[in-house]
Amino acid sequence: MATKKYLLGIFDDEITLMKAVKGVRAAGTKIYDVYTPFPVHGLDDAMGLRHTRLHTAGFLFGATGVLLMFLYITWINTVNYPIIVGGKPYFALPAYIPVLFEITVLSASVGMVIAYFVRNGLSPIRQEPPLDSRATDHKFVVAFDAEELSGEMDNVKELLAEHGASEINEKEID
Amino acid sequence: MNMSEHFQFTSGQKRNAFILMGIGALTLVIGIIMALSGNHTMQEKIWTGILTNNMFFLGLSLAGLFFIAVNYIGYGGWYVTVKRIPEAMSMFIPYMGVGMLVILIGLWAHWHHIYHWAAEGIADPNSPNYDRLIAGKVSYLNKPFFTIRIIAYFAIWTFFAYSLRRLSIQEDQLGGVSQYNKSKVLAAVFLIFFGITSSSMSWDFVMSIDSHWYSTLFGWYTFSTLFVSGIAAIILFTIFLKSKGYLPQVNQEHLHDLGKFMFAFSVFWAYLWFSQFMLIWYANIGEATAYFKARLDHYPFLFYMILVINFVVPFFALMTRNSKRQMGTLATIAVIVLIGHWFDYFLMIIPGATGNEASFGIFEIGLTIGYAGLFLFVVLKELTKTSLVAAKHPFFKESLEHHT
């Protein structure tokens, strides 16, 4: 596997980090990713991340699940094996609703979990070494793809230093 | 002091509120004249209209108080920028106390027959009015206890609303956290009291109309109606004030959270509606199904319409993130939800109070417009009394920085 090279700007707190992310983006440099020990509010907007489409997928999963289940129980209760329960008609919509509700939740949630893992490529057997292990504890790391930066590497380093990065590292990962 | 922090109730707005009230008063006077000249239907329409509107606008004002109390207890910070709106709404409680007093006077004076349990001799086996089912309930459903309960509700609710409001205004001048701490204690005590009274008031005012029928879920169901319509009203006031250039601190994030509340509690309302309906439908006990039979047989359109506009419409319209962040969509849905929940109360009350042939027409619209005028006038008047910004609230900064 080819080696990938990253430029890492390390920050001590999230306030400097936010300013740096905004500053770097204003200068037109593309950020690869940001790693923080805890969720930082407003960071996704500052990074210019596109909103996730996971909830749209969730809606479609839920809608598909509820529709299929509706057809299925209707078919069972009216065609395949009609029995009278509690004097109710075969097609007893109120009695279906709890089932339909549960299947909506189930198919939407399971579908979203699967879509999430398929899209981001994570799985229990996949190891993703952290670019800087301190980002899991107390440091805030802004990562750049060194290939994309190419000639601008020195400019970006300067920019990071200007915005208060405590360290600027380069890291290679195979 | 910044001008945009103080709401100016312009004379034009006052005039409009008075016009609305005037329409309501005119409708009522014409209605009373028609009733006195022997129009029996109109007499029933008047009392049903008064009770429906009392319940609806009492719900809005109680929701304001509940919203504040629940945020005190839950350490809510985001709502501080809009805090004055529910506060002003809660000031409407005593007005609805007067409204319910009218119902009480009517009950003692035999001007209306909304409450069947109040009929003479209902618990007397020798009377022609004797009703065995109601006779078993007279220890709760009797006129003196009913009167005491209602007076107690309004006295205590008003006490809490005024106390929380006073502390909030004091906080603006003094700063510090002592008002906040006191408010938290008051809010906690209020919530315990409201937990019981929000149920019992719905039994008293609404469920006892169908005296034979009862549902253990009814209190919760009315509570959800009350809360979701209250949130819709808060949203409309917020958008109104913003459109006039007030509340610059309120941004999309706050609207988003209010929208989430409206979405979530519309779903919650539907959940309770269905829970009540399905158990009764499934068990199929005559005594219990009578409630839904009267509504389904005689008001099928209203019955299904309420489900559509209180659940289906807000559910799909507020599902996406963007729709909750746009004032236009949010305001439209809030208006729809308010109309839907007005009809929700209407359908709870009307078959028992007026009968199976009741109609909805100009009288109901006129009366509701009058109530709305009074509500708007009182709430906007209350908003002028203090700064729109609760700037000394301990969570004010958090609210400014709020990000969903």
Side-chain angles (χ1 to χ4, degrees), chain A residues 13-15 17-19 21-22 34 36 38-67 70 73 77 83-105 108-109 111-112, chain B residues 77-78 217 251-254 256-257 259-260 263-264 266-286 288-289 291-293 295-296 300 303-304 307-308 311-312 314-326 395 397-404:
Chain A
D13 62 84
E14 73 273 20
I15 297 164
L17 171 85
M18 280 290 273
K19 282 183 189 149
V21 167
K22 282 177 191 159
V34 179
T36 58
F38 53 80
V40 178
H41 268 284
L43 187 62
D44 37 2
D45 285 336
M47 286 167 69
L49 291 182
R50 198 183 55 201
H51 279 294
T52 172
R53 288 178 305 184
L54 194 59
H55 37 57
T56 314
F59 176 76
L60 294 176
F61 283 125
T64 314
V66 75
L67 190 70
F70 175 71
I73 44 182
N77 283 315
I83 31 174
I84 293 172
V85 180
K88 298 291 183 278
Y90 294 136
F91 180 75
L93 189 61
Y96 296 177
I97 286 183
V99 181
L100 294 179
F101 169 75
E102 297 295 346
I103 204 74
T104 315
V105 175
S109 52
M112 278 166 89
Chain B
W78 65 274
L217 205 64
N251 54 36
Q252 284 189 328
E253 311 290 341
H254 303 102
H256 190 176
D257 267 5
K260 280 184 203 163
F263 174 78
S266 292
V267 176
F268 180 66
W269 175 87
Y271 168 71
L272 292 181
W273 184 95
F274 182 70
S275 302
Q276 181 171 286
F277 175 77
M278 195 194 70
L279 289 185
I280 290 173
W281 173 83
Y282 218 107
N284 204 11
I285 299 166
T289 48
Y291 180 83
F292 284 110
K293 184 155 174 56
R295 280 151 185 82
L296 265 168
F303 187 84
Y304 293 112
L307 273 182
V308 171
F311 172 60
V312 180
F315 182 72
F316 286 104
L318 293 177
M319 194 183 264
T320 67
R321 176 184 148 95
N322 281 344
S323 62
K324 291 191 279 277
R325 296 171 79 87
Q326 283 161 357
F395 289 145
K397 182 86 168 49
E398 181 179 326
S399 187
L400 290 183
E401 302 279 328
H402 180 57
H403 184 270
T404 54

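Throughout, protein chains are lettered first and strands after them, A, B, ... in sequence-line order, and every chain is numbered starting at 1.
Using a 4.5 Å cut-off between heavy atoms, Tyr271(B) does not touch chain A at all. Within the 4.5 angstrom heavy-atom criterion, only side-chain atoms of Phe59(A), from C-beta onward, approach chain B.
Shown here is Phe91(A), whose CZ atom has more than 12 heavy atoms of other residues, nucleotides or ligands within 6.0 Å.
Across all their heavy atoms, Pro94(A) and Met278(B) have their closest contact at O-SD, 3.5 Å. Across Tyr282(B) and Lys88(A), no two heavy atoms sit closer than the pair O-NZ, 3.2 Å.
Once rounded to the nearest 0.5 Å, the distance linking OG1 of Thr56(A) with CZ of Arg321(B) reads 12.0 Å. Atoms NE2 and OG1, from His51(A) and Thr320(B) in turn, are 11.5 Å apart once rounded to the nearest 0.5 Å.
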